[in-house]
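One structure is given here, and the rest of the page talks about it.
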Amino acid sequence: MAENAAVEISDDRERGTLTAHEGGKAVGTIAYFVMEPAPGALVAVHTVVRPEHEGKGIAGALVREFYAIAAREGVPVVPLCPYAAKWAQRHPEEVPEAPEELVREAERQLRNHPELF
């Protein structure tokens with residue numbers, strides 16, 4: 001799907017959310033955490049788009065911005081979120097693959113802190 005140019009994306013690091021806004025309303029979110037020790041990696045846990053906004057490219061725009069934030073910060077992304085992982089597989093030219101040991105550590109940290117999910 002083509003990405004929606006009218007979407008504005010904001011990052012709330014304190015809450016671990018990357019949110020897409022359309023017309024001033026939240027229409028999609030990636031929940032994430034920063035791996036310890038910070039800044040180990042940005043870990044995408046869950047991507048949600050409101051049903052009435054599905055099919056507009058909002059989830060793709062969120063994931064692309066998530067990877068862009070990580071690139072600007074010089075840290076890798078671990079896409080534990082199924083949507084983010086599939087998006088990364090479809091766009092290998094845009095995103096580096098996370099090393100397996102980093103993925104295992106992100107999974108361990110998520111298991112030990114279920115409140116992050």
Side-chain angles (χ1 to χ4, degrees):
M1 290 284 148
E3 289 181 13
N4 188 335
V7 171
E8 294 181 19
I9 298 176
S10 63
D11 182 19
D12 184 343
R13 186 61 54 98
E14 279 285 311
R15 296 181 75 191
T17 57
L18 187 67
T19 305
H21 302 271
E22 188 176 66
K25 296 181 182 178
V27 295
T29 303
I30 290 180
Y32 72 93
F33 67 95
V34 178
M35 277 184 63
E36 295 296 332
L42 296 182
V43 183
V45 178
H46 195 56
T47 303
V48 177
V49 173
R50 295 180 58 89
E52 63 272 21
H53 294 277
E54 290 177 355
K56 295 180 177 181
I58 293 168
L62 281 164
V63 175
R64 182 170 273 123
E65 179 60 18
F66 191 68
Y67 273 92
I69 290 168
R72 287 190 297 271
E73 294 178 10
V75 298
V77 168
V78 178
L80 296 184
C81 162
Y83 179 84
K86 287 179 187 173
W87 187 93
Q89 288 174 345
R90 288 191 313 263
H91 299 87
E93 70 287 352
E94 293 184 50
V95 297
E97 188 173 342
E100 187 57 38
E101 63 275 4
L102 199 60
V103 174
R104 285 193 303 274
E105 177 58 19
E107 291 170 338
R108 186 193 69 73
Q109 287 187 24
L110 184 59
R111 277 193 309 276
N112 290 340
H113 298 282
E115 72 278 4
L116 298 171
F117 183 63

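When reading the values below, keep in mind they use all heavy atoms of this one structure, side chains included, and skip hydrogens, waters and symmetry mates. None of these values were measured; they are calculated from a predicted model.
The two residues Val34 and Arg13 have their closest heavy-atom pair at CG2-CD, 3.7 Å. Scanning all heavy atoms of the two residues, the minimum distance from Ile58 to Gly28 falls at CG2-CA, 4.4 Å. Of all heavy-atom pairs between Ala20 and Val7, the closest is CB-CG1, 3.4 Å. For the residue pair Ala88 and Tyr67, the shortest heavy atom distance occurs at CB-OH, 3.5 Å. The heavy-atom pair separating Val49 from Glu54 by the smallest distance is O-OE2, 3.7 Å.
The backbone N or O of Trp87 lies less than 3.5 Å from a partner atom in the side chain of His91, making a donor-acceptor pair. Looking at Tyr83, its side chain does come within 3.5 Å of a backbone N or O of Gly60 through a donor-acceptor pair.
Annotation: side chain to side chain contact (heavy atoms under 4.5 Å, CB included) contacts of Ala44 (sequence neighbours excluded): Ile30, Phe66, Cys81, Ala84. Shown here are the ring-ring contact (aromatic ring centres under 6.0 Å, His included) partners of His21, two or more places apart in sequence or in another chain: there are none. For Arg111, the salt bridge (Lys or Arg N to Asp or Glu O under 4.0 Å) criterion is met by no residue, not counting sequence neighbours. With sequence neighbours excluded, the residues forming a salt bridge (Lys or Arg N to Asp or Glu O under 4.0 Å) with Arg50 are Glu52, listed by chain and number.
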Side chain to side chain contact (heavy atoms under 4.5 Å, CB included) assessment of Leu110 paired with Val43: CA-CA 9 Å; Leu110 184 59; Val43 183; over 6 Å; no
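One distance of note links CG of Asp11 with CD1 of Ile69; it measures 4.0 Å at 0.5 Å rounding. Rounding to the nearest 0.5 angstrom, the gap separating the CD1 atom in Ile9 from the CG atom in Leu62 is 4.5 Å.
Here salt bridge (Lys or Arg N to Asp or Glu O under 4.0 Å) pairs that include residues 75-95, with residues two or more places apart or in two chains, are Arg64-Glu94.
Note on Val63: it clusters hydrophobically with Val75, by side-chain heavy-atom contacts below 4.5 Å among ILVMFWY residues. In the hydrophobic cluster analysis, where Ile, Leu, Val, Met, Phe, Trp and Tyr join through side-chain heavy atoms closer than 4.5 angstrom, Val45 is grouped apart from Val48.
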Only distances under 3.5 Å count here; give the side-chain donor-acceptor pairs of residues 98-105 to other protein atoms, sequence neighbours excluded, each with its distance to 0.1 Å.
from, atom 1, to, atom 2, distance (Å)
Glu105, OE1, Arg108, NE, 2.9
Glu105, OE2, Arg108, NE, 3.3
Glu105, OE2, Arg108, NH2, 2.6
Glu105, OE2, Gln109, NE2, 2.9

